[in-house]
Colleague: 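Below is the structure I would like to discuss, written out as C-alpha cells.
First listed ligand is number 1; within each ligand, the first listed atom is number 1. All values below come from the heavy atoms of this structure, side chains included, with hydrogens, waters and symmetry mates left out.
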Amino acid sequence: MAHESPNRALSPQQRIDALREELRHHEYLYYVQDAPEWTDAQYDARMNQLRALEGEHPELLTSDSPTQRVGGKPKEGFSKVAHSRPMLSLDNAYNEDELRAWAERVVGGLALAESVRYVCELKLDGLSLALQYEAGARGVATLKTGVTRGDGTIGEDVTSNVRTIRSVPLHVSAKKLEQAGLPAEFEVRGEVVLPQKAFERMNEDRVAQGLAPAANPRNAAAGTIRTLEPNIVAQRRLELFAYFLLRGASAGEAAGEPLLASQSASLQALRDAGFLVNPHAKTVDSIDEVLKFIAEADAMRDNLPYEIDGVVIKVDAISQQKRLGFTGKAPRWAIAYKFPARAGITKLEGVLFQVGRTGKVTPVAALAPVFIGGTTVTRATLHNPDEVVRLGVRIGDFVSVERGGDVIPKITEVVTDAKHPRGETEIVFPTHCPRCGEELVREPGEVDLRCVNVSCPARLEEELRHFASRGVMNIEGLGEAMVAQLLGHTLEEQAEHAVEAPAEDPAEEPTRKALVHSIADLYDSQKVNRETLLTLERVGEKTADALLEQIERSKKQPLQRVLLGLGIRHVGERTAQALAEEFGSIDALIVATEEELTRVNDIGPKVAATVREFFSNERNLALVERLRGYGLTFTAERKVRGTALTGLTFVLTGTLPTLTRDEAKERIEAAGGKVSGSVSKKTDYVVAGEEAGSKLEKAQQLGVAVVDEAGLLVLLG
Ligand code: IVH
C-alpha cells in the first residue's frame with residue numbers, strides 16, 4: 001500500500017522548520033564535530049528540498065536559514081563598526097623565565113593565599129573577529145554581525161563573509177541556549193583561520209592563475225575575510241574557533257564583559273551552544289603544568305591542520321581577571337607564550353629547475369643554509385616565472401624566508417635595506433627540460449613552463465614518489481632515494497640530482513638499467529623482486545623483503561587512494577573521495593560523462609574535463625588494466641560494509657603505533673562503525689595512542705572504554 005509521506009500532512013512552515021533543524025544538526029556534525037553522518041549527496045538533497053520550499057513560500061524565508069549562507073554582498077566595501085569593548089592584544093613571553101615573571105605578577109596582584117587556575121589555549125595564527133548574536137523569534141539566537149578587530153576599537157563589518165563560515169552557527173536554538181546556560185543575546189570572539197589544506201589549495205589556484213601566492217595562512221585568512229565576493233569566501237573553507245563569550249550590546253555598561261564566572265566555563269558553554277572551540281584547551285593549577293602544555297603544543301604543532309604560533313594562558317576566574325585589570329593595551333590576566341619565529345633572512349645562491357609529475361617546471365631557490373623554527377632550510381619554492389618577476393629577485397639577493405607547518409618554505413620578499421647588498425645575476429629560465437632536454441612550452445594563458453615529453457624521467461620519478469607517499473598508497477621504504485634507484489640511478493647520482501639540476505645541460509643518463517618504467521611495474525614480480533632489489537645499493541634482504549611486503553599491502557588501499565595515486569590533474573584527496581563514493585568503481589568512472597561528473601558535489605567543469613581526458617587516454621587505460629591485473633582495489637569498499645562494529649562510535653586520539661589516523665578511520669568505517677571527533681557519553685570506545693590528550697582525559701571522566709591499537713584490531717576481528 002502506498003503511503004503519503006508523513007511530511008505532507010505538515011504545514012509548509014513545519015516542513016521548513018524540520019528541514020532547517022535537520023540541516024543545522026548535520027552541519028554541526030560535519031563542521032564542528034568533524035563526524036559527518038550524511039554523505040554530501042544526502043546533504044545536498046535536503047538543502048535542495050529546503051530551497052524549493054522556500055522558493056514556493058518566500059514569506060517564510062529567514063536570514064538564519066541554512067540556505068542563506070551566501071547571500072547579498074557588500075557593494076561599497078565594508079562599513080565601520082565600533083566594538084562593545086576594545087579588542088586588545090596580548091603581551092608576549094618568549095621563554096620560561098618571562099612566563100614565570102608574568103605568573104609572579106599575577107599572584108602578586110592577587111591576595112597571596114589565593115590559588116590561581118590557568119586556562120591554556122592554543123594561540124591560533126589567524127585574525128580575531130567579534131560576532132554579535134541577537135534574540136530572534138521563539139527564543140532563538142541569530143547571528144547579527146561579524147566584525148574584524150580593525151584598530152581594536154573600530155572594525156569592519158564583514159558579516160556577509162562570516163556567514164559563509166560553516167562552523168559559525170547562523171542560529172542557536174532555544175534548546176541549545178538552555179543547555180549552554182546562555183541568554184539569546186551575547187557576543188562571541190574568536191579566531192578565524194584558514195586550515196593548511198585550504199591554504200595550499202588556494203595558493204595552487206592563485207599560482208596557476210599567475211597571481212602571487214599568499215605568504216602564509218594568516219595573510220590568506222585576512223585577505224579572504226575582506227574579499228567582496230562572499231561566494232569566493234565560501235569556497236575557501238575558513239574556520240572560526242571561538243574563545244570568548246561576552247555580554248551582548250543591550251547590556252549597556254556591561255556590554256562586552258564576560259557572561260560567565262570563568263574562562264573554562266565560557267569555553268564549555270560555547271561548545272554546548274554549538275560553536276567550534278579548539279579541543280586542545282586545558283585548565284591547570286600551576287605554571288609547571290602550563291609549561292607542560294606548552295611543550296605538548298609545540299610537539300603537535302606540525303601535525304595540526306592549522307597553524308599556531310604559541311599558547312595563550314588566561315587566568316580562569318573572571319573575578320580574578322577583574323582585579324588584575326589591564327595595562328595600556330593588554331590584559332594583565334593573560335599572556336601569549338610565543339614559539340620561535342619561523343622566518344629568517346638568507347642569501348639566494350642559485351635557482352634550480354624541478355620538473356614535476358605533470359611536467360610543470362618549478363623554479364626552486366637554493367639558499368645559504370638558515371636555521372628556521374627547528375630545521376635548516378636550504379630550499380624554497382619560487383612557484384613560477386611570474387612570481388620571480390613579481391619578487392624582482394636576483395641571484396645573490398638576501399631574501400626573507402618563511403616556513404609554515406608541513407609546507408615547503410617560501411620566499412616572501414627581497415630584503416633591500418642598506419645592510420644587505422643586492423644580487424646582480426638575473427634568473428634565466430631554461431628553454432629545454434633540465435632532465436630530458438625536450439623543448440619547454442608555455443601554453444597561451446598558462447603561467448607555467450612545461451615539459452611535454454610524457455616519458456621524461458623526471459615525470460616518472462615524481463609520479464612514483466607521489467604514488468608511494470603516505471597520504472596515497474603509503475608504501476613505506478619507497479622514498480626519494482629508493483625511487484631513484486628503481487629508475488637506475490646510483491645513490492651518488494640521486495644526491496647530485498637533489499642538489500643540482502643544471503639548466504642547459506640535461507642530467508646524465510642513469511648508470512644502471514631501470515627496474516621500473518611505470519607505476520604498474522612496481523607490482524610486476526618479474527621486475528621488482530628479491531633478487532633485483534638486492535642488486536641495489538644499501539639494500540639487504542631485510543629491506544628488500546620489507547619493501548615487497550609494503551608493495552603487496554598497498555594493493556588493499558581503497559579506491560580513493562588509487563585514484564589519487566593515478567595522478568589525475570586537479571584530483572586531490574577530497575575529489576578522489578567524492579569520485580570513489582559517487583561512482584563506486586573505476587569502471588563506472590571510466591564511462592562517466594562530463595555531465596555526470598559535474599553532478600558530484602565539489603566537482604566543477606575543470607575537474608570533470610581532466611578526469612574525462614585522463615580516462616580517454618589509451619596509455620592511462622592500459623595502466624589501469626595492468627594495475628587491475630595485479631589486484632589493486634578498483635571498487636569502493638564503502639558499499640559493502642562489514643558489521644563487526646555496527647552501532648558503535650569511536651573517537652581517535654594520539655598517535656597509533658602502526659595505523660595512521662586515516663587508516664584507522666577507514667577500517668572502523670569499513671566495519672560499520674562510526675568515528676566521531678569528540679568524546680561524549682555516547683562514545684563507545686576511545687582509541688588512544690602516544691601523546692593522547694584531552695580526549696583521553698574526558699573518556700576517563702565519563703567512564704568510556706579506552707583501547708589501544710591492539711585492542712582496536714581485536715574489535716575489528
Ligand atoms: S585571547 C585580550 N585567545 O592572538 C585577549 N587570542 O596576540 C586577546 N589569538 O588578537 C585574545 N588564539 O587574534 C586569545 N586562544 C586565543 C587566541 C588568541 C589566537 C590571537 C588573537 C589576538 C592575538 C593576541
Colleague: Would Ile308 count as a contact of ligand 1 if the rule is a heavy atom under 4.0 Å away?
Modeller: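 Not so, Ile308 does not reach ligand 1.
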Colleague: For ligand 1, find out whether one of its N or O atoms is nearer than 3.5 Å to an N or O atom of Lys314.
Modeller: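 So ligand 1 has an N or O lying under 3.5 Å from an N or O of Lys314.
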Colleague: Using the side chain to side chain donor-acceptor pair (under 3.5 Å) rule, take Gln33 and Ser678 through it: C-alpha gap first, then chi angles, then the decisive distance, then the call.
Modeller: CA-CA 6 Å; Gln33 296 281 20; Ser678 63; 2.6 Å; yes
Colleague: Would you say Leu122 and ligand 1 have an N/O pair spaced under 3.5 Å apart?
Modeller: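 Yes; at least one N/O pair falls below 3.5 Å.
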Colleague: Return yes or no for this condition: an N or O of Asn92 is under 3.5 Å from an N or O of ligand 1.
Modeller: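 Between Asn92 and ligand 1 (N or O atoms, distance only) the closest approach is not under 3.5 Å.
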Colleague: Nearest protein heavy atom to atom 22 (C) of ligand 1, by residue and atom, and its distance?
Modeller: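 Nearest protein contact, heavy atoms only, for atom 22 (C) of ligand 1 is Tyr243 OH, 4.3 Å.
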Colleague: At less than 4.0 angstrom from any non-hydrogen atom of Glu191, what atoms of ligand 1 do you find?
Modeller: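 Taking each heavy atom of Glu191 in turn, ligand 1 has 9 (N), 13 (O), 19 (C), 20 (C), 21 (C) under 4.0 Å.
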Colleague: Could you list which atoms of ligand 1 come closer than 4.0 Å to a heavy atom of Leu88?
Modeller: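 In order of number, 2 (C), 8 (C).
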Colleague: Answer yes if the side chains of Gln263 and Gln321 hold a donor-acceptor pair under 3.5 Å, and no otherwise.
Modeller: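 Their side chains do not contain a donor-acceptor pair, so the 3.5 Å distance test is not met.
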Colleague: Start with the C-alpha gap between Glu289 and Ser286, add the side-chain angles, then the distance that decides, and say whether side chain to side chain donor-acceptor pair (under 3.5 Å) holds.
Modeller: CA-CA 5 Å; Glu289 286 173 275; Ser286 70; 3.2 Å; yes
Colleague: Where the closest heavy atom to atom 10 (O) of ligand 1 is concerned, which of Ala336, Ala334, Ser128 has it?
Modeller: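 Considering heavy atoms of Ala336, Ala334, Ser128, the nearest to atom 10 (O) of ligand 1 sits in Ser128.
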Colleague: Going by heavy atoms, is Pro331 under 4.0 Å from ligand 1?
Modeller: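 The answer is yes: ligand 1 sits under 4.0 Å from a heavy atom of Pro331.
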Colleague: Measuring from the heavy atoms of Phe244, does anything fall under 4.0 Å of ligand 1?
Modeller: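 So Phe244 counts as touching ligand 1.
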Colleague: Take Tyr43 and Glu27, measure what side chain to side chain donor-acceptor pair (under 3.5 Å) needs, and give me the verdict at the end.
Modeller: CA-CA 9 Å; Tyr43 178 84; Glu27 284 185 351; 2.6 Å; yes
Colleague: Are Asp272 and Gln268 close enough, and set up right, to give a side chain to side chain donor-acceptor pair (under 3.5 Å), and what steps lead you there?
Modeller: CA-CA 6 Å; Asp272 292 342; Gln268 190 52 46; 3.0 Å; yes
Colleague: Taking side chain as C-beta onward, heavy atoms only, is Trp333 less than 4.5 Å from Phe326?
Modeller: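 The answer is yes, as the side chains (C-beta and beyond) meet within the 4.5 Å cut-off.
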Colleague: Is any N or O atom of Arg149, backbone or side chain, closer than 3.5 Å to an N or O atom of ligand 1?
Modeller: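 No; the residue has no nitrogen or oxygen that sits under 3.5 Å from a nitrogen or oxygen of the ligand.
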Colleague: Quick one: do the Asp316 and Ser264 side chains pair a donor with an acceptor below 3.5 Å?
Modeller: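 There is such a pair (donor and acceptor under 3.5 Å, judged by atom type) between the side chains of Asp316 and Ser264.
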Colleague: Does any N/O atom on Gly126 come nearer than 3.5 Å to any N/O atom on ligand 1?
Modeller: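 Gly126 vs ligand 1: no N/O contact under 3.5 Å.
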Colleague: Any side-chain heavy atom of Leu29 sitting closer than 4.5 Å to one from Trp38?
Modeller: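 No, side chains not in contact.
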Colleague: To which protein heavy atom is atom 19 (C) of ligand 1 closest, and what is the distance rounded to 0.1 Å?
Modeller: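 Checked against all protein heavy atoms, atom 19 (C) of ligand 1 sits closest to Leu124 O, 3.1 Å.
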Colleague: State whether the shortest distance between N or O atoms of Trp333 and N or O atoms of ligand 1 falls below 3.5 angstrom.
Modeller: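 No; the residue has no nitrogen or oxygen that sits under 3.5 Å from a nitrogen or oxygen of the ligand.
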Colleague: Determine, step by step, whether Tyr306 and Phe241 satisfy the ring-ring contact (aromatic ring centres under 6.0 Å, His included) criterion, reporting the C-alpha distance in whole Å, the side-chain angles of both residues, the deciding distance to 0.1 Å, and the verdict.
Modeller: CA-CA 11 Å; Tyr306 41 80; Phe241 287 105; 5.2 Å; yes
Colleague: Taking ring-ring contact (aromatic ring centres under 6.0 Å, His included) as the criterion, tell me which of Tyr28, Tyr133, Tyr31, Phe244 meets it with Phe275.
Modeller: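 The option that passes is Tyr133.
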Colleague: Step by step, work out the side-chain contact (heavy atoms from CB on, under 4.5 Å) result for Glu307 and Gln196.
Modeller: CA-CA 7 Å; Glu307 290 209 342; Gln196 198 64 42; 3.5 Å; yes
Colleague: With heavy atoms only and a cut-off of under 4.0 Å, state how Val312 meets ligand 1: side chain, backbone, both or neither.
Modeller: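 The answer is the side chain of Val312.
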Colleague: What is the nearest protein non-hydrogen atom to atom 4 (O) of ligand 1, stated with its residue, atom name and distance?
Modeller: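 The closest one turns out to be Lys123 NZ, 2.9 Å.
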Colleague: Short list, please: which atoms of ligand 1 are under 4.0 Å from a heavy atom of Glu121?
Modeller: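 Those atoms are 3 (N), 15 (N), 16 (C).
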